[in-house]
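The structure under discussion appears below in the form of structure tokens.
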Amino acid sequence: MFTRKAALATLAALAATLTLAGAASESFARDRHVSGTGAGGRSYSRNLDSGCANGTCSRNREGTGRAGNSWSRSGSATNNGDGTYSVNRGGEGRRGGTYSGSGTTDGQGTYDYSGTATGPNGKTVTVDKSRSVTPAN
């Protein structure tokens, strides 16, 4: 015999399962590692991790080249929940240069971005740009 109490417990368990499944479907993660030996016996490695959770997707890469120099890149995009999106980028090159930047889009074709790059010699370049795109019909 199926009682009202048992039915409510079953519905509560089903609701909890659906909530967890919904949360899991909105997030994911992926990690990858590659390494090997190149020409002249020099080794290299690369790591990549990417994923999405809570409205933000990110991607990070890092590695070491055959000459032993390391590098990294990172970036993320966030859904701000109001129809706008934010992006952030950064990284470091094999020779010591760095870059970083951030931007926003209004979801209607306008994109604003500001970034700074510094070379291994210490010289800096700043970029501010705004783009507007008219979607095709």
State the [atom1]-[atom2] distance between [X] and [Y], to the nearest 0.5 angstrom.
X: Arg89; Y: Ser102; atom1: CZ; atom2: OG; value: 10.0 Å
X: Glu62; Y: Arg46; atom1: CD; atom2: CZ; value: 12.5 Å
X: Leu48; Y: Asn60; atom1: CG; atom2: CG; value: 8.5 Å

Have a look at Ser114 and tell me which of Val127, Asp128, Thr104 forms a side chain to side chain contact (heavy atoms under 4.5 Å, CB included) with it.
-> Asp128
Counting distance only, does the side-chain N/O of Thr118 pair as donor-acceptor with the main-chain N or O of Lys123 below 3.5 Å?
->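 Here the side-chain-to-backbone pair does not exist.
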Correct closest heavy-atom pair for Thr124 and Thr116 would be CG2-CG2, 3.3 Å
Where Arg95 and Pro120 come nearest, the two heavy atoms and their spacing =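 So the two residues come closest at O-CB, 3.2 Å.
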Would you be so kind as to tabulate the donor-acceptor pairs closer than 3.5 Å made by side chains of residues 67-80, with sequence neighbours excluded?
residue: Thr78; atom: OG1; partner: Thr56; partner atom: OG1; Å: 3.1
residue: Asn79; atom: OD1; partner: Gly81; partner atom: N; Å: 2.8
residue: Asn80; atom: OD1; partner: Ser86; partner atom: OG; Å: 3.4
residue: Asn80; atom: ND2; partner: Thr84; partner atom: OG1; Å: 3.0
residue: Asn80; atom: ND2; partner: Ser86; partner atom: OG; Å: 3.0

